[in-house]
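Remarks on the structure that follows.
Please read all numbers here as calculations on a predicted model, not as lab measurements. Numbered from 1 within each chain, the chains take letters A, B, ... in sequence-line order.
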There are 2 protein chains.
Amino acid sequence: MFPLICAITLNEKEDAVITDPELLAVRVAELYYDENKTQDEIGGLLKITRWKVGRLLAQAREQGIVRIEIVHPRARRLTVERQLRERFGLADAVVIPSGAGEGDLQSRVGQAAADYLTALRPVPRTLGISWGRTLSEVAERLEAGWATGVTVVQINGGVSLNRRAGTAATTASMIAQKAQGHATLLPSPAILERVETKQAIESDRTVAAVLELAGRASAYLFSAGVANESSVLVDSGYLAPSDVAELVRKGAVGDVVGRYIDANGNTVDPGLDERTVGLGLDQLRQAKMAIFVVAGYAKHDVARAIVTNGLCSVVVTDEATAAALLDLKVQE
Amino acid sequence: MFPLICAITLNEKEDAVITDPELLAVRVAELYYDENKTQDEIGGLLKITRWKVGRLLAQAREQGIVRIEIVHPRARRLTVERQLRERFGLADAVVIPSGAGEGDLQSRVGQAAADYLTALRPVPRTLGISWGRTLSEVAERLEAGWATGVTVVQINGGVSLNRRAGTAATTASMIAQKAQGHATLLPSPAILERVETKQAIESDRTVAAVLELAGRASAYLFSAGVANESSVLVDSGYLAPSDVAELVRKGAVGDVVGRYIDANGNTVDPGLDERTVGLGLDQLRQAKMAIFVVAGYAKHDVARAIVTNGLCSVVVTDEATAAALLDLKVQE
DNA sequence: GCCCGCCTTGCTCATATGAGCAACAGCGTG
DNA sequence: CACGCTGTTGCTCATATGAGCAAGGCGGGC
C-alpha cells in the first residue's frame, strides 16, 4: 500500500492535490532532499511540471524552508566573509560559525586565525603580535612548522615575570618556536605612570630597537580588549577598575594594542595614550597586513570600532560578531 | 585582491594545497552550497577534478558535514516515516520534526493528524475516536469541510457534563461538525465500579447500539494516556492516583481507549478491563485503519507498546518519539 | 469591454552532475 | 620481489537541472 503524503496522495485517482503554494514547496523539498527523488519524479508524484518543481525548490531555499548548513569545527561562512570584505573594504575576512553557546568559541576562532596565518602568502618575515587570551589561543592552535624563519615581535608593552599562558613572552615565543624563528620581546610595561618615564624607556636603545622593528613588521596579528574590569590591563595591574570605568564614561569601547578607543576608533584619553608603550593606532591603520582576531558578544562594540575605522585589513571572527558588524539578524 | 580560503589559496602560484581530506570536504561543501560554485569551478580552484569534487560532496553529506534540513511548521520527516513503516509493518506513518522543546509539539502533531485525516482516501464514513487532550488538538486543527457526511462515534466511555475542551462530547462534535456529519456519543462512564453495572449499561439498547456502531467504524483515531496522575482518567475521577500507581506496579505503561496495557500490549488488570466500557484492544488490532496520534517524551513507553504490538496501523508522531521507537539517536 | 503590463509557466537547448566502468595505485602477503 | 586484491581516480555517456525566451493568464486602468 502506498503511504499517504498528507494532502498529497499517490493514488492517481484522487483529486485532493495541494493548492497551498508554501505547503507545496515544503513537500517538494522533502521529496527532493530527504527522499532523493529527481525533479521529474516529484513532478509526476505531485502533478506539476519539473520546471515548477525546480522553481519551488529555489523558493524553498530562498525562504529558508530548506536550510543547508556546513557543520564542522573548521567550517567557515564564506557568504558572510564576502559581505564583510565588500562592506568594509577589507583585504580578507574569515568567519566561523558561532555554534551553540560560546563554550569553545575562543579556541575555534584561535584555530581559524592559526589556519589563516599558516596559509598566508607571502609568509611574513616579521610578525608583530599583541598579547592576551585570544592571541594565546592562536599560539596554542598553530601547528609546528606553520612557517620557517619568522621573527615574532611584541608590539604592545607588557612585561611578564611569570610564564603563564596569555603573557606576551609565552605567546610570542610559542608562535616563533613553531615557525623555527625567534621572538623579540618589548621590555617595557604597557602603561607608565608618567610621560617622562615612558619617553625615557622609549629612548633606551634596546626598547627603541624593538619599537623600530615593530614599526616595520610585514604583518600584524592582534586582538582587542573589552572596556571592563576583565581586561588583561586591569588583570596585570596597569589600570584600576575605576580607571577603566572613567574611560568608559569618556566613550571607550575597548582597547587595541593597549590603547583605548571610542566607537569612531579615536583615542579617548590622549594623556593615557601618551603614557602607553607600543605600536600606535596610525601605524596599525597604515599596515599592509593587519589581522584582527575577535569573537564573542562582549567584543562586538570594540570589533565594530576597529573594523569600521580602518584599524585592520583582515578580520577573523565568528558569525554572530560578523552579523553585528553587518547589522544582520542571525538565524538561530 | 583575492581573499584567502585558509589552506586554500586562489593564488595559482601557491603550492600549499589542502591535504587533509576532511578539511577538503569542508571547503568543497562551503564553495558548493554557500558560494553556489559548480563542481567544475571548485575543481579548478582547489586543483582537483570535478569527479573528485562530486565524491567529496557526497562524502560531506554522508558524514553529516553538510546538513540539509526542512524547516517549516508543516514539515515532515519522510525518511523516518519510511523506516517506521518498514520496521513495524505499518500501513502509514507521519513524522513531524520535534523542534526545540515541546512547547508547540502537541498542536503540531494535532495539525499533522488533521492533515492526514483530510487527505485520507477513501473518506471514512464512520470514524471512531477516543477523547483526551491530543484528540482535542486534532479536532481544533481540522479545517471545516475536511470531509462531508462523516459519522463520528465515541469509542471509549466518558460522560462529560460540561463542555470544556478535551471532553468526548466537545471533541466528537467538533470533528463531526467540521465534516458536516454528526456525532454519536457513548453515554457511559469510562470505568464502572462493578462488573454487573458495566454489563447492565452495555446491554442497554442505546449504549449497545453505539458500541455496535463503534465496532464497525471504517477508521479509528485515537491517542494514548500516560500511566501517571496526569491521566484524564484520574482527572475525570474514574481512577485515583493510587490506582494508577498500582497499575504501574503491575507493569502498565499507559492506556489506550481507556484500557491499561503493559509493554507487550496486554491488559495488566483483567478485572479493571472487565469494568471498562468501550472498544476492546482486539477490535483495535483487527481494525482496517487505526490511526494513532502520539507525541512527547512522556508517551514514549506507551507509544512503543502500541506500535510494536499491532494496536495501530498508522502512527502520527514526532521525530523524537519515532527515534525512540526505532532505537535511534536523534541528532540535535 | 479592451488593452497593456506584469507575473507565471512550459519549453528548448545548454550546462551540470552522476552512474558505471576501466585503469591505476597502493598495500599486504607469500 | 612479485602478485593479487582493494580502493581510488578519471572518463564517457546518460541523466538531471538551469537559463533564457516566448506564450499565456490575470489584473488593473481607461
Using the test ring-ring contact (aromatic ring centres under 6.0 Å, His included), find all partners of A:His72 that sit at least two apart in sequence or belong to another chain.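 ring-ring contact (aromatic ring centres under 6.0 Å, His included) list for A:His72, sorted by chain: empty.
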What are the atom names and distances for every N/O pair under 3.5 Å that joins the protein to nucleotides 14-16 of chain D?
none

Return yes if the base of D:dT8 and the side-chain atoms of B:Trp51 contain a donor-acceptor N/O pair under 3.5 Å, otherwise no.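 Looking at the base of D:dT8, it does not pair with any donor or acceptor on the side chain of B:Trp51 (distance under 3.5 Å).
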Would you kindly give the [atom1]-to-[atom2] distance between [X] and [N], to the nearest whole Å?
X       : N      : atom1 : atom2 : value
A:Gln59 : D:dT17 : CD    : C1'   : 18 Å
B:Lys37 : C:dT17 : NZ    : C1'   : 18 Å
A:Asn36 : D:dT17 : CG    : C1'   : 15 Å
B:Leu31 : C:dT17 : CG    : C1'   : 17 Å

I'd like to know if the side chain of [X] pairs up with that of [Y] as donor and acceptor (distance under 3.5 Å, no hydrogens or angles considered).
X        : Y        : answer
B:Thr317 : B:Lys299 : no
B:Arg61  : A:Tyr33  : no
A:Asp318 : A:Ser98  : yes

Smallest separation among heavy atoms of A:Ala176 and A:His182, with atom names: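 Result for this residue pair: CB-C, 3.4 Å.
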B:Lys37 pairs by side-chain contact (heavy atoms from CB on, under 4.5 Å) with which of B:Leu45, B:Val53, B:Val28?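 It is B:Leu45, the one option of B:Leu45, B:Val53, B:Val28 that forms the side-chain contact (heavy atoms from CB on, under 4.5 Å) with B:Lys37.
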Basic-acidic side-chain contact under 4.0 Å: B:Arg74, A:Glu22: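 A salt bridge is absent here (no side-chain N lies under 4.0 Å from a carboxylate O).
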SB check B:Arg67 A:Glu69 (cutoff 4.0 Å):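 No.
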Nucleotide N/O to protein N/O under 3.5 Å, stretch nucleotides 6-9 of chain C:
unit_1: C:dT9; atom_1: OP1; unit_2: A:Lys52; atom_2: NZ; d: 2.8

